[in-house]
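Predicted model, so just to flag it, every value in this text is computed and none were measured.
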Amino acid sequence: MKAGLYPVLGPPASGKTTLALDWALRVLERRGRVLWVGLPHQRAYVYRLLGARGAFLGLEFLSLQALYYRVLAEAGWLRPLLPGAGRVALVGEALRELMGPGVAPGEARLFARAIAELKRSGLSPFALPKEGEAGRLRRVYLAYERLKRGSLDYDDFRHKAIRAPLRLYPEPSLVVVDGFREVGPLDLRFLQRLANRVPVLLTLEVLPEGLTPWRELAPRPLRREVLALANPVEEARYLLKALKRALAPRALGGEGLAPEEVLVVAPEDRIPGLLLLKEEYGLPLEDGRERSLAETEEGERVLALLSPYPTGRDLLALGFARLGRKALRLGLAGEEALGLLAEREGLLEEWRAFLALRAPGQDLLAWAEEALERLGVEAKEPFLARLRLALRVDQADPLAWWRSLILDETLPPEVGKGIPVLPPLRATGIRARRAYVLEWVAGRYTLGEREDYFLLEELREEGPLRGLKRRLRGLDPLFREEVASRGEEVVLLYPRAGPSGPLEPLAEGRRPEPLPPSSRLEALPHTPFRPTPPSRARGLPTLEALRRFLEECPLRVYLERFPTTDGEARGWALLAKDPKALEADPAVSPWLQAHREHLEGMRFFVPWNREHYRLYLDGVRWEGDAVHIYRLLPEEARPDLGPRKRWTEWKAIEELVQGRFTRKVEAVYLWVWPWLGEPSLHRKIPYRRGQRPPATKEIDPLLQQALALWREGPFAPRPGNYCHTCDFQDICRKEEG
């Protein structure tokens with residue numbers, strides 16, 4: 001086989017990989033050496049195809065980047081590698097140098113992508129115009145190259161590999177380049193140079209301009225089936241049933257396919273839902289998405305530590321469970337809101353520990369290393385390396401950059417042993433015996449072609465920028481054909497409608513016949529669990545429990561019917577429990593001294609049993625024949641003594657002035673007192689003996705109604721907005737109520 005470049009042009013599923021494998025096998029049978037160059041996620045697929053043909057030695061799979069790396073290593077031209085996150089960091093440093101502080105990581109990422117595209121096309125900064133946004137890109141590109149001096153980014157490897165001496169040892173007998181839709185100009189120049197030494201078989205779907213195909217392949221007929229389901233839920237469950245039947249042995253009515261003979265292609269945002277159901281269906285589904293450093297278990301904890309607006313989920317990830325659960329249930333975010341919640345719930349110690357963990361010290365690297373240690377991060381160096389890059393960009397405030405660089409860093413793909421569930425781009429270059437494609441509707445399978453921010457389409461057709469490819473090339477039909485040909489048999493599924501309304505399918509399909517149950521939940525008859533509501537409550541209910549029994553959820557009132565003193569006014573509860581502990585508090589002590597007259601002799605949270613209910617008075621103080629009743633509120637809370645919001649104080653006044661207390665009462669004063677605030681009389685004139693508060697006229701009929709219902713039961717759940725603040729979560733299965 002003579003040296004030279006052998007371009008093979010063919011549409012998806014035309015047999016390009018089979019042709020390349022036949023060439024490779026002929027070389028291997030003669031004890032030759034083959035370098036197979038493809039996409040990183042193709043490695044396992046290529047080795048599996050080779051293994052199906054027998055045992056062979058001499059084939060090595062490489063990505064294009066790894067091939068360039070090897071060429072430079074053999075030539076002795078290697079320098080330190082600048083990873084993707086490092087490129088963004090250096091671009092950020094260049095932007096700050098040219099335009100001052102205030103550069104955001106997203107802006108640096110935009111410039112970094114534009115610079116990468118220019119370098120892949122072999123264009124220097126001097127090819128760019130000097131005016132407008134393109135001129136700004138030119139200046140940033142020049143500054144980036146100056147700052148990068150001494151290291152190589154991924155595109156520098158391409159440039160240097162074109163000029164480096166070719167000393168591949170041992171020299172391959174054949175180089176196969178397969179799996180690419182098209183190649184860039186620098187990649188093509190390198191392959192043409194390599195083809196002067198060895199045969200290079202290049203398979204493509206789109207040929208570069210000026211390159212003549214050595215062989216053209218026609219599309220092969222595939223078996224395709226299009227199935228229409230009612231909605232995304234039915235579509236997902238039908239897919240999982242079909243996978244279960246495909247893997248089941250023939251003796252059990254299945255098809256007996258091996259996991260490696262099946263693959264699933266789905267839009268990236270649909271993959272988590274499928275993986276969530278794999279345990280129910282007992283399917284070996286493998287997540288085929290490319291993960292970032294932030295998506296690892298350790299990365300999630302580090303991101304929670306660095307979150308600019310911490311949420312309940314962040315608190316839970318860092319181990320602050322009590323405060324995290326409450327914040328998550330209330331949907332709170334941000335330090336101010338979480339701090340107020342911690343104060344209200346008496347969780348200040350947990351909150352201070354969270355703040356202490358987030359507070360960087362003078363030595364940021366030492367603080368970060370200690371924080372990673374406390375978070376249980378074993379591999380600390382990848383995170384610390386990104387922090388060093390962030391410090392290079394912005395020493396004053398590097399944490400936002402550290403967070404962004406962690407999000408940018410991708411990890412190598414993992415090789416699974418089950419059915420791969422792949423996003424569309426990760427499915428290119430590999431095929432299976434059967435492929436299932438989810439959500440085959442308009443707008444879901446697209447390359448997202450759009451004009452570039454810096455270099456519009458007309459700029460790419462003139463002058464030095466003619467080497468840049470156009471952005472709007474209409475490749476979506478080819479991409480859809482590629483997705484729809486990932487198996488010898490392809491099943492395309494789509495929902496007729498989604499949450500936003502009807503969907504437009506890419507091909508009309510039929511409604512499939514229902515498949516047999518494939519999970520225990522589907523196969524076994526069952527009824528949803530609905531706990532029997534309590535039918536009777538023992539003991540006297542509190543008056544506020546009776547009020548809430550009418551207004552809110554009876555089951556929640558039943559579960560909370562035993563009151564605690566740390567309910568609404570936690571500051572008051574601490575004062576009642578341990579007043580000496582508050583005297584040392586610099587924020588509380590002056591307030592205590594100023595109101596000592598009211599507080600002396602006051603009894604807190606006083607129970608008072610009546611015939612049918614129990615009163616719990618927040619505060620009571622006697623002065624001879626006069627009684628002072630206090631409604632104690634949380635800090636800065638507004639009075640809540642309306643007859644629809646509060647019954648206790650009004651019924652207590654009625655009982656006292658009507659002479660139903662063992663001690664003689666001539667006058668009753670009603671006070672409202674927020675924590676750390678000033679006490680104020682609700683009415684300046686006291687209620688005298690024999691008077692009846694007007695509010696009781698509205699309360700009494702409601703009270704009689706509540707007492708009758710309380711005696712009858714049952715205490716069934718009644719869902720409402722108050723469910724979001726319920727401490728018992730879904731014990732009532734309120735979503736089924």
Side-chain angles (χ1 to χ4, degrees), residues 79-113 115-116 140 143-144 146-154 290-311 313-315 317-320 334-335 353-412:
R79 290 182 186 175
L81 171 64
L82 187 70
R87 168 179 276 171
V88 174
L90 279 194
V91 169
E93 187 178 350
L95 283 168
R96 284 176 58 86
E97 183 180 290
L98 293 171
M99 301 166 196
V103 176
E107 186 179 5
R109 204 175 294 118
L110 177 69
F111 277 87
R113 281 198 294 264
I115 290 171
V140 174
Y144 165 76
R146 176 173 48 78
L147 292 169
K148 181 181 61 65
R149 196 168 296 154
S151 58
L152 302 178
D153 62 26
Y154 291 127
E290 187 175 62
R291 296 195 307 160
S292 72
L293 185 60
E295 291 172 321
T296 63
E297 185 178 344
E298 295 179 340
E300 288 177 356
R301 293 201 292 272
V302 176
L303 281 191
L305 176 72
L306 300 175
S307 174
Y309 297 99
T311 64
R313 190 178 300 277
D314 296 328
L315 289 164
L318 297 174
F320 301 100
E335 287 193 0
F354 170 71
L355 292 179
L357 181 63
R358 280 167 59 89
Q362 294 294 326
D363 187 343
L364 201 62
L365 280 171
W367 164 79
E369 191 163 3
E370 182 182 352
L372 294 175
E373 188 73 33
R374 291 177 62 185
L375 294 178
V377 177
E378 294 183 3
K380 296 191 285 291
E381 186 51 36
F383 296 100
L384 294 175
R386 274 77 201 163
L387 177 56
R388 294 187 192 100
L389 290 172
L391 283 168
R392 180 170 177 177
V393 181
D394 189 350
Q395 289 190 352
D397 185 19
L399 296 186
W401 283 91
W402 189 21
R403 185 174 187 274
S404 179
L405 295 178
I406 291 172
L407 287 167
D408 283 341
E409 195 64 30
T410 57
L411 301 174

- Message: Check Lys380 with Glu369, please: is the shortest side-chain N to carboxylate O separation under 4.0 Å?
- Response: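 Salt bridge absent between Glu369 and Lys380.
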- Message: Check this for me: does any side-chain nitrogen of one of Arg388 and Glu381 sit under 4.0 Å from a carboxylate oxygen of the other?
- Response: yes
- Show your working on side chain to side chain contact (heavy atoms under 4.5 Å, CB included) between Leu407 and Leu303 and close with a plain yes or no. CA-CA 9 Å; Leu407 287 167; Leu303 281 191; 3.6 Å; yes
Is any side-chain heavy atom of [Y] closer than 4.5 Å to one of [X]?
| X | Y | answer |
| --- | --- | --- |
| Leu364 | Trp402 | no |
| Leu372 | Glu298 | no |
| Leu293 | Phe383 | yes |
| Val393 | Val103 | no |
| Arg386 | Asp408 | no |
| Leu391 | Trp401 | no |

Roughly how far, to the nearest 0.5 Å, is the [atom2] atom of [Y] from the [atom1] atom of [X]?
| X | Y | atom1 | atom2 | value |
| --- | --- | --- | --- | --- |
| Leu152 | Leu81 | CG | CG | 7.5 Å |
| Phe354 | Leu318 | CZ | CG | 6.0 Å |
| Glu107 | Met99 | CD | CE | 6.5 Å |
| Leu147 | Leu82 | CG | CG | 10.5 Å |
| Glu297 | Glu295 | CD | CD | 13.5 Å |

So, the side chain of [X] versus the backbone of [Y]: is there a donor-acceptor pair under 3.5 Å, distance only?
| X | Y | result |
| --- | --- | --- |
| Glu300 | Ala317 | no |
| Ser151 | Lys148 | yes |
| Arg358 | Ser307 | yes |

Non-hydrogen atoms of [X] and [Y] that approach each other most closely:
| X | Y | value |
| --- | --- | --- |
| Arg403 | Pro308 | NE-CD, 3.9 Å |
| Leu387 | Ala368 | CD2-CB, 3.4 Å |
| Leu405 | Ala390 | CD1-N, 3.8 Å |
| Pro105 | Ala400 | CG-O, 4.1 Å |
| Leu98 | Ala143 | CD1-CB, 4.2 Å |
| Arg96 | Pro101 | NH1-CA, 3.6 Å |

- Query: Should Asp153 and Ile115 be marked as a side chain to side chain contact (heavy atoms under 4.5 Å, CB included) after you check the CA-CA gap, both sets of side-chain angles, and the distance that decides it?
  - Reply: CA-CA 11 Å; Asp153 62 26; Ile115 290 171; 5.8 Å; no
- Item | Member of Leu399, Leu375, Val377 meeting the side chain to side chain contact (heavy atoms under 4.5 Å, CB included) criterion with Leu305 |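 Answer after filtering Leu399, Leu375, Val377: Leu375.
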- Assess whether side chain to side chain contact (heavy atoms under 4.5 Å, CB included) is satisfied between Val91 and Val88, documenting all intermediate values. CA-CA 5 Å; Val91 169; Val88 174; 5.8 Å; no
- Task: Evaluate the side chain to side chain contact (heavy atoms under 4.5 Å, CB included) criterion for residues Leu355 and Glu335: first the C-alpha distance (whole Å), next the side-chain angles of each, then the deciding distance (0.1 Å), finally the verdict.
- Result: CA-CA 9 Å; Leu355 292 179; Glu335 287 193 0; 4.0 Å; yes
- Quick check: are there more than 12 heavy atoms from other residues, nucleotides or ligands sitting under 6.0 Å from CZ of Arg374? no
